[in-house]
Q: 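Have a look at the structure that comes next, please.
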Protein chains: 2
Amino acid sequence: MEQILPHLDSVFSIDCVLFGFDGKELKILLIERNEEPFKDWWALPGNIVGPDESLDQSASRILYELTGLRGIYMEQYYAFGDPHRHPQGRVITLAYYALIRLGGEKELRPVSNYAKRANWLPITDLPKLAFDHQKIYDKGLEKIKRRIKHQPIAFELLPEKFTLTQLQHVYELVLGKKLDKRNFRKKIVSFGVLKELDEKQKGVSYRAATLYRFDKRKYAKLFGKEISF
Amino acid sequence: MEQILPHLDSVFSIDCVLFGFDGKELKILLIERNEEPFKDWWALPGNIVGPDESLDQSASRILYELTGLRGIYMEQYYAFGDPHRHPQGRVITLAYYALIRLGGEKELRPVSNYAKRANWLPITDLPKLAFDHQKIYDKGLEKIKRRIKHQPIAFELLPEKFTLTQLQHVYELVLGKKLDKRNFRKKIVSFGVLKELDEKQKGVSYRAATLYRFDKRKYAKLFGKEISF
DNA sequence: TTACTTAGTGTAAAAATTACACACTATATT
DNA sequence: AATATAGTGTGTAATTTTTACACTAAGTAA
């Protein structure tokens, strides 16, 4: 393709805020940088958008390269473009978030050499972040707080089968407040997007809870209508 | 500033969906292109982000250059980056919307030579748009529909002093449905962000309605709480 | 068998939403 | 002066939604 458009020395990248839930805490994926600037600092994983990929494709590729994960619900939420956000030149970055269930089983795939390591860190105790990544993270958290109230994204943080208590726990962590158990159940069930299974929770040393599954078909019908917490 | 980052032949632009309200209809500002590609087509006004301006600054500049307007509520809402969205090269564009009161008094400032003319066209009867601008517009409309339910942005479309009927009219146009007059008034007044004035509407050939003003102070207090239609 | 821990359930009060119709006021017309 | 016209402005009852609140049931571990 011939390039006849005006030219700017700008770079366009994508940064990902990957929220993970391990059953107890909300965490985000950070990498420890191996290169200047901000060598040895923690940063959001991100990369440059390739010339022939769409933004969503690029975000998926980046997520895959960083975690080995595919098929994750991801959405762009804000573009950051302060001319001085990167000390070495103009970098406009588009932020995506993803919600991920953290299972003990999955190891993080080794990340390219610009990172020393990658780690899931609890959001309650984050280190100082490189560049303007704190701002990007803050806006991301704000975004999912807003979104979890209106769209069924909480399920992405949970295993396929989950208990209502686990689901409530996710809502409480994201929204940052306690919810009433009975009212929560009443409401979430009334949306009609949960399918009650014949199975029970296993391996707990107390009464086992009923397992549920998110019913995508029912949700598709509901789509457009707003839910609200 | 030294440029030592990797380089991509990509262009980063901003396109604006300017919604205007003239008291009767919702309109958007379109320009008729004077250059290939899509010569003679209608398109959203947009421009390339300058090297030393932030994204918001750039959007404000572009809005100003196209309309002469300043101090307008604008917000970015989505980045469009399909690799083939522009036939001549990779152009990633960030979409902004603005809400503008159209008064008979203001003429559109002449637009740079890439446009033959600019015009406010009613959204109920839009022509085919250049590039992927239909998609950008669609997403913008969707966005303000969602937002007008939760934030007091409708005021931006109205003159400083307005009647409740005018305000209701804006809501009905944006949401695309009729609202009950009594319930609308009950609700909008209950938010407490309107200030009733001692003035009445003038120049109408029927009973004049009371004028109201949007009270920014009261709104600031309310901020964070969601309102809902 | 007992102690422990979480699951699971109902109801009444309060608040919010909805549906609905007519008299009032200002102007224009005759 | 009387009348037509066009939009303003207002209340209530029924329904739905939200909130606050506490105990019994079930399973496990000792």
Side-chain angles (χ1 to χ4, degrees), chain A residues 22-24 148-150 152 154 158-159 161-173 175-213 222 225-229, chain B residues 21-25 148-152 154 158-159 161-173 175-213 222 224-229:
Chain A
D22 60 5
K24 293 198 172 153
I148 203 174
K149 288 186 189 170
H150 302 298
L158 290 168
K161 299 169 182 181
F162 52 85
T163 70
L164 294 184
T165 301
Q166 289 167 343
L167 183 59
Q168 182 177 346
H169 194 184
V170 168
Y171 272 88
E172 289 179 339
L173 279 173
L175 296 178
K177 65 177 182 191
K178 284 270 171 219
L179 300 173
D180 178 86
K181 181 161 67 160
R182 276 178 291 192
N183 293 338
F184 177 82
R185 285 166 181 239
K186 212 185 305 174
K187 189 159 206 171
I188 201 90
V189 166
S190 78
F191 291 141
V193 297
L194 292 184
K195 189 177 175 68
E196 185 174 350
L197 303 177
D198 284 336
E199 261 172 285
K200 300 271 172 185
Q201 202 177 16
K202 279 183 184 166
V204 288
S205 67
Y206 45 81
R207 176 179 178 184
T210 302
L211 291 170
Y212 286 78
R213 184 143 44 81
L222 191 89
K225 291 184 189 170
E226 293 200 349
I227 65 180
S228 137
F229 269 92
Chain B
F21 180 64
D22 60 4
K24 293 200 171 151
E25 284 180 303
I148 203 173
K149 287 186 190 170
H150 302 298
Q151 298 194 305
L158 290 169
K161 300 171 182 178
F162 51 85
T163 70
L164 294 183
T165 301
Q166 289 167 342
L167 184 58
Q168 181 177 347
H169 194 183
V170 169
Y171 272 88
E172 289 179 338
L173 278 174
L175 297 177
K177 65 177 181 192
K178 283 270 170 217
L179 300 173
D180 179 87
K181 181 161 67 160
R182 275 178 290 193
N183 293 338
F184 176 82
R185 284 165 180 239
K186 212 185 305 174
K187 189 159 208 171
I188 202 88
V189 166
S190 78
F191 292 141
V193 296
L194 292 184
K195 187 174 177 67
E196 185 174 349
L197 303 177
D198 284 337
E199 261 172 285
K200 300 272 171 183
Q201 204 178 17
K202 280 183 184 167
V204 289
S205 68
Y206 44 82
R207 176 179 178 183
T210 303
L211 291 170
Y212 287 77
R213 183 143 44 84
L222 191 89
K225 292 185 191 170
E226 292 200 351
I227 65 178
S228 141
F229 269 92

Q: Can you name the nearest heavy-atom pair linking Ile148(B) to Tyr171(B), along with the distance?
A: O-CE2, 3.5 Å

Q: I'd like to check the salt bridge (Lys or Arg N to Asp or Glu O under 4.0 Å) partners of Glu199(B); sequence neighbours left out, ordered by chain and number.
A: Lys161(B)

Q: Which atom names give the shortest non-hydrogen contact between Gln201(B) and Arg207(B), and what distance separates them?
A: OE1-O, 4.4 Å

Q: Nearest 0.5 Å, what's the CD1-CG distance between Ile188(A) and Leu167(A)?
A: 4.5 Å

Q: List the residues meeting ring-ring contact (aromatic ring centres under 6.0 Å, His included) with Tyr212(B), not counting sequence neighbours, and say none if there are none.
A: none

Q: Rounded to the nearest angstrom, tell me the gap between atom NZ in Lys202(B) and atom P in dT27(C).
A: 11 Å

Q: Tell me the interatomic distance from Ile188(A), atom CD1, to dT18(D), atom C1', rounded to whole angstroms.
A: 15 Å

Q: Just by distance, do the side chain of Gln168(A) and the backbone of Leu179(A) share a donor-acceptor pair under 3.5 Å?
A: yes

Q: Could you state the atom-to-atom distance from CZ of Phe184(A) to C1' of dT9(C) in whole Å?
A: 16 Å

Q: Has Lys187(B) got a side-chain N or O lying under 4.0 Å from the OP1 or OP2 atom of dT17(C)?
A: yes

Q: Can you build the contact string for nucleotides 3-12 of chain D? Use B for base contact, S for sugar-phosphate-only contact, and - for no protein heavy atom under 4.0 Å.
A: ---BBBBBBB

Q: Rounded to the Å, how far apart are Leu179(B) CG and dC20(C) C1'?
A: 15 Å

